[in-house]
> 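Can you read through this structure? Questions will come right after.
Because only heavy atoms are used, hydrogens play no part in the values below, and waters and symmetry mates are left out as well, while side chains stay in. Everything numeric here is computed off the predicted structure, so don't read it as measured data.
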Amino acid sequence: MDISLPDAESTVEFGRQLGRALNEQYAEGGEQVHIILFYGDLGSGKTTFTRGFIEALPGGENAEVSSPSFTLCNSYPTTPSVIHCDLYRSEGALPDEVDEALDTESGLVLVEWAERIAAENLPPKRLDILFQVCKNNRLVTLSPYGKAAHCVLQKLARLRDSGE
């Protein structure tokens, strides 16, 4: 799924929409998305998107979302709980904290700079989001891996079509 975002405000709103779609998936029970991996250059909108996404989750309306470039991981007391990681400064092997987070089956793990994860360490069930800066906008490409991620994207498409 490709989505064109003209500015930072639309990037935050897109994050909110995906957060609402994920909330619907959680409310229904069944298999859940636990891992969302972000790819893209500096300034492409990864943290801006995350701000909207966290705001849309229960408990996230007052969260102060910032890039975890220096802290490696930030935690947010949302439902589901979120660990937001940034691998920009990581070279080689994954830091233990991120490696452990990727193995979890509870909560959500958002990872910026996922291109630094070796292919053999990529979780088989996840949602990948590629952020690209274009001349007049940002292009976001979502790639689902697993049934839960496909279901969330179907919910997202419905929300976007209805203007929610």
Side-chain angles (χ1 to χ4, degrees), residues 1-88 101 106-115 123 125-164:
M1 171 186 286
D2 291 333
I3 297 171
S4 177
L5 303 170
D7 53 31
E9 185 176 312
S10 64
T11 303
V12 171
E13 181 54 33
F14 171 63
R16 288 183 190 119
Q17 290 170 339
L18 186 61
R20 288 191 292 271
L22 191 113
N23 275 336
E24 284 186 22
Q25 183 81 1
Y26 269 76
E28 293 172 2
E31 189 175 345
Q32 305 298 320
V33 173
H34 294 289
I35 310 289
I36 302 177
L37 303 180
F38 301 137
Y39 299 82
D41 292 333
L42 278 172
S44 61
K46 298 178 297 287
T47 302
T48 301
F49 164 88
T50 300
R51 187 175 314 114
F53 183 83
I54 297 294
E55 287 174 5
L57 298 177
E61 52 279 343
N62 296 318
E64 292 185 33
V65 176
S66 62
S67 175
S69 292
F70 293 100
T71 59
L72 188 61
C73 292
N74 291 338
S75 297
Y76 300 102
T78 55
T79 302
S81 62
V82 173
I83 297 173
H84 177 204
C85 306
D86 187 320
L87 297 177
Y88 181 71
S106 64
L108 274 168
V109 179
L110 311 179
V111 181
E112 295 189 30
W113 295 94
E115 47 272 87
K125 296 177 183 178
R126 66 185 191 273
L127 176 60
D128 287 358
I129 305 178
L130 171 63
F131 293 83
Q132 299 174 69
V133 177
C134 302
K135 185 176 180 179
N136 296 318
N137 65 351
R138 285 178 171 70
L139 178 64
V140 178
T141 303
L142 295 98
S143 302
Y145 294 86
K147 181 181 176 183
H150 280 279
C151 289
V152 167
L153 290 192
Q154 288 172 347
K155 291 174 186 345
L156 174 65
R158 184 184 43 76
L159 288 171
R160 290 183 60 79
D161 288 344
S162 69
E164 290 183 44

> Checking side chain to side chain contact (heavy atoms under 4.5 Å, CB included) for the pair Val140/Phe49: CA distance, chi angles, key distance, verdict?
CA-CA 10 Å; Val140 178; Phe49 164 88; over 6 Å; no
> How close do Thr48 and Ala8 get, counting heavy atoms only, and between which atoms?
CG2-O, 3.7 Å
> Could you measure the distance from the OH atom of Tyr76 to the CD1 atom of Ile83? Nearest 0.5 Å is fine.
11.5 Å
> Does a side-chain heavy-atom distance below 4.5 Å link Leu130 with Ser143?
no
> Once rounded to the nearest 0.5 Å, what's the spacing between atom NE2 of His34 and atom CG of Leu22?
9.5 Å
> Apply side chain to side chain contact (heavy atoms under 4.5 Å, CB included) to the pair Phe53 and Leu108, showing each step before the final yes or no.
CA-CA 11 Å; Phe53 183 83; Leu108 274 168; 3.9 Å; yes
> When you measure from the side chain of Gln132 to the backbone N and O of Gly40, does any donor-acceptor pair fall under 3.5 Å?
no
> What's the separation between atom CD in Gln25 and atom CG in Leu156, rounded to the nearest 0.5 Å?
12.0 Å
> Between Phe38 and Thr50, is there a side-chain heavy-atom distance shorter than 4.5 Å?
yes
> One thing to verify: whether Glu13 and Arg20 come together as a salt bridge, which I'm taking to mean a side-chain N less than 4.0 angstrom from a carboxylate O.
yes
> Are the side chain of Asp128 and the backbone N or O of Tyr39 linked by a donor-acceptor pair below 3.5 Å?
no
> Go through the steps to decide whether Val133 and Asp41 satisfy the test side chain to side chain contact (heavy atoms under 4.5 Å, CB included), and finish with yes or no.
CA-CA 8 Å; Val133 177; Asp41 292 333; 5.8 Å; no
> Does Lys46 reach the side chain of Leu110, with side-chain heavy atoms less than 4.5 Å apart?
no
> Is Arg138 reaching over with its side chain to a backbone N or O of Ser44, donor-acceptor style, under 3.5 angstrom?
yes
> Rounded at 0.5 Å granularity, tell me how far CZ in Arg51 sits from CZ in Arg16.
9.5 Å
> For the atom pair CG (Asn23) and CD (Glu28), what is the distance rounded to the nearest 0.5 Å?
11.0 Å
> Within a reach of under 6.0 Å around CD of Glu9, are more than 12 heavy atoms found that belong to other residues, nucleotides or ligands?
no
> Are any of the side-chain heavy atoms of Leu57 and Thr79 separated by less than 4.5 Å?
no
> Tell me whether the count of non-hydrogen atoms from other residues, nucleotides or ligands lying under 6.0 Å of NZ in Lys125 goes above 12.
no
> Could you state the interatomic distance from CG (Asp2) to CG (Leu139), rounded to the nearest 0.5 Å?
5.0 Å
> One pair to check against side chain to side chain contact (heavy atoms under 4.5 Å, CB included): His84 and Glu112. What are the steps and the verdict?
CA-CA 8 Å; His84 177 204; Glu112 295 189 30; 2.7 Å; yes
> Mind listing the closest non-hydrogen atom pair of Leu159 and Ala21 along with its distance?
CD1-N, 3.5 Å
